[in-house]
Amino acid sequence: MRQKVVVLTGAGISAESGLATFRDANGLWEGHDVMAVASPEGWRRNPELVLEFYNQRRKSAQGVEPNAGHRALVDLEQNYDVRIITQNVDDLHERAGSSHILHLHGKLFESRSTYDESLVYPMTGWELNLGDLCEKGYQLRPNIVWFGEAVPMMEQAIEEALTADYFLVIGTSLQVYPAAGLLSYAPHDTPVYLVDPHTPALSHRRNVTIIQEKATVGVPQLVKALLEK
């Protein structure tokens with residue numbers, strides 16, 4: 001039976017493909033107050049702004065390609081059962097070819113009903129506008145988990161973490177909860193590999209290997225080492 005590698009990825013891996021990271025130090029995202037474009041309150045106040053914001057994110061995402069970090073994780077499937085848990089809403093892991101991807105914060109290329117959240121629709125283009133309705137006649141919104149909303153995939157992510165033989169943390173500051181807490185569910189003796197130029201403190205874990213590199217450099221190095229085990 002193959003050993004299981006659980007991978008938690010964050011904005012850092014997408015940034016190297018040219019996508020803007022989630023927010024900068026002053027809390028702005030592409031010039032917008034994060035709460036104005038990524039909260040239920042922002043949606044109620046100005047749905048047109050929110051729709052346009054995500055239209056631009058989709059347009060940007062369609063113009064970039066998976067990078068060496070994404071592709072190396074696909075290579076890891078040669079010898080391991082690889083489960084990717086991503087905080088990213090883009091589809092770069094899918095386009096790279098990874099087999100098992102769990103999106104904690106939703107998917108950029110999906111819309112869902114504002115009336116019935118089980119009504120989810122794939123998007124092929126980048127535009128979602130006021131007047132685009134679900135089959136029950138209600139406005140569609142981005143299928144994104146906003147601030148203040150529950151993270152529906154969290155329980156499944158915890159189940160994956162509980163059975164990890166290896167746990168990889170790539171391109172995330174481990175600051176956004178509940179995602180940042182996933183590492184605490186991995187068995188205590190599970191080797192942890194952290195790939196990021198800016199390494200967060202992990203004093204509560206033993207058996208941590210830090211690779212202080214960006215994802216396009218550090219992930220291929222790490223995957224090569226794991227495949228040689």
Side-chain angles (χ1 to χ4, degrees), residues 1-22 61 63-105 107 153 156-176 179-229:
M1 190 168 162
R2 290 182 165 207
Q3 287 186 298
K4 181 174 178 178
V5 178
V6 175
V7 186
L8 176 64
T9 66
I13 193 169
S14 293
E16 289 189 70
S17 283
L19 291 181
T21 51
F22 182 68
V64 302
E65 296 296 330
N67 60 52
H70 298 104
R71 292 192 296 271
L73 292 174
V74 180
D75 294 338
L76 195 56
E77 294 185 16
Q78 294 170 28
N79 292 2
Y80 295 92
D81 176 13
V82 180
R83 305 291 167 139
I84 294 174
I85 302 168
T86 187
Q87 295 169 268
N88 302 331
V89 296
D90 59 65
D91 60 349
L92 292 174
H93 284 300
E94 282 87 348
R95 285 162 55 195
S98 286
S99 301
H100 302 285
I101 308 151
L102 192 155
H103 284 266
L104 281 179
H105 297 153
K107 296 183 180 181
M153 302 304 288
Q156 191 177 333
I158 289 170
E159 286 178 20
E160 298 286 16
L162 286 169
T163 54
D165 295 302
Y166 296 92
F167 200 107
L168 280 50
V169 180
I170 300 166
T172 173
S173 61
L174 295 179
Q175 297 296 309
V176 179
L182 273 176
L183 184 54
S184 64
Y185 290 95
H188 201 60
D189 56 351
T190 293
V192 175
Y193 294 88
L194 187 68
V195 181
D196 199 284
H198 314 290
T199 52
L202 287 177
S203 55
H204 63 291
R205 294 289 309 196
R206 61 185 181 189
N207 208 0
V208 176
T209 301
I210 293 173
I211 301 170
Q212 206 159 357
E213 298 278 5
K214 53 188 186 179
T216 49
V217 176
V219 178
Q221 287 177 4
L222 173 55
V223 166
K224 183 173 185 289
L226 288 174
L227 289 175
E228 288 171 354
K229 275 185 177 287

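Below, all heavy atoms of this structure are taken into account, side chains as well, without hydrogens, waters or symmetry copies.
The distance from atom CG of L194 to atom CD1 of I211, rounded to the nearest 0.5 Å, is 8.5 Å. Going from atom CD of Q156 over to atom CD1 of I85 covers 8.5 Å, rounded to the nearest 0.5 Å. Put simply, CD1 on I170 and CD on E213 are 13.0 Å apart, with the number rounded to the nearest 0.5 Å. How far OG1 of T190 is from CG of L183: 9.0 Å, rounded to the nearest 0.5 Å. If you take OG on S99 and NE2 on H93, they are separated by 12.5 Å, rounding to the nearest 0.5 Å. Atom CG of L76 sits about 15.0 Å away from atom CZ of R71, to the nearest 0.5 Å.
Residue-environment remark: OH (Y185) stays at or below the threshold of 12 foreign heavy atoms within 6.0 Å.
The closest side-chain heavy-atom distance from N207 to D189 is not below 4.5 Å. By the 4.5 Å heavy-atom criterion applied to side chains, T9 and N88 are counted as neighbours. Residues R206 and H188 meet the side-chain proximity criterion, which asks for heavy atoms closer than 4.5 Å. Taking 4.5 Å as the limit, every side-chain heavy atom of N79 sits out of range of all side-chain heavy atoms of K229. A heavy-atom distance below 4.5 Å is not found between the side chains of V169 and D196. In this structure the side chain of E77 reaches within 4.5 angstrom of the side chain of S98, judged on heavy atoms.
H103 meets the ring-ring contact (aromatic ring centres under 6.0 Å, His included) test with no other residue; sequence neighbours excluded.
When all heavy atoms are compared, the tightest approach of L8 to L182 is CD1-CD1, 4.2 Å. Scanning both residues, A72 and V219, for their nearest heavy atoms gives CB-CG1, 3.8 Å. Across all their heavy atoms, L102 and M153 have their closest contact at CD2-CB, 3.5 Å. Residues Q87 and G10 come closest through the heavy atom pair OE1-CA, 4.0 Å. Nearest heavy atom pair, residue L92 against residue D90, reads N-OD1, 3.1 Å. The shortest non-hydrogen separation linking L73 to L168 is CD2-CD2, 4.4 Å.
At distances below 3.5 Å, at least one donor-acceptor pair connects side-chain atoms of R2 with backbone N or O atoms of Q78. Side chain of R83 to main chain of A157: no donor-acceptor pair is present (N/O by atom type, distance under 3.5 Å, no hydrogens or angles). The closest donor-acceptor contact from the side chain of E16 to the backbone of A215 lies under 3.5 Å.
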Hey, can you pull the donor-acceptor pairs under 3.5 Å for the side chains in residues 159-166, sequence neighbours left out?
unit_1 : atom_1 : unit_2 : atom_2 : d
E160   : OE1    : K4     : NZ     : 2.5
T163   : OG1    : K4     : NZ     : 2.6
T163   : OG1    : E160   : O      : 3.3
D165   : OD2    : K4     : N      : 2.7

Could you go through I13 and H70, starting from their C-alpha distance and side-chain angles, then the distance that decides it, and tell me whether this counts as side chain to side chain contact (heavy atoms under 4.5 Å, CB included)?
CA-CA 8 Å; I13 193 169; H70 298 104; 3.9 Å; yes

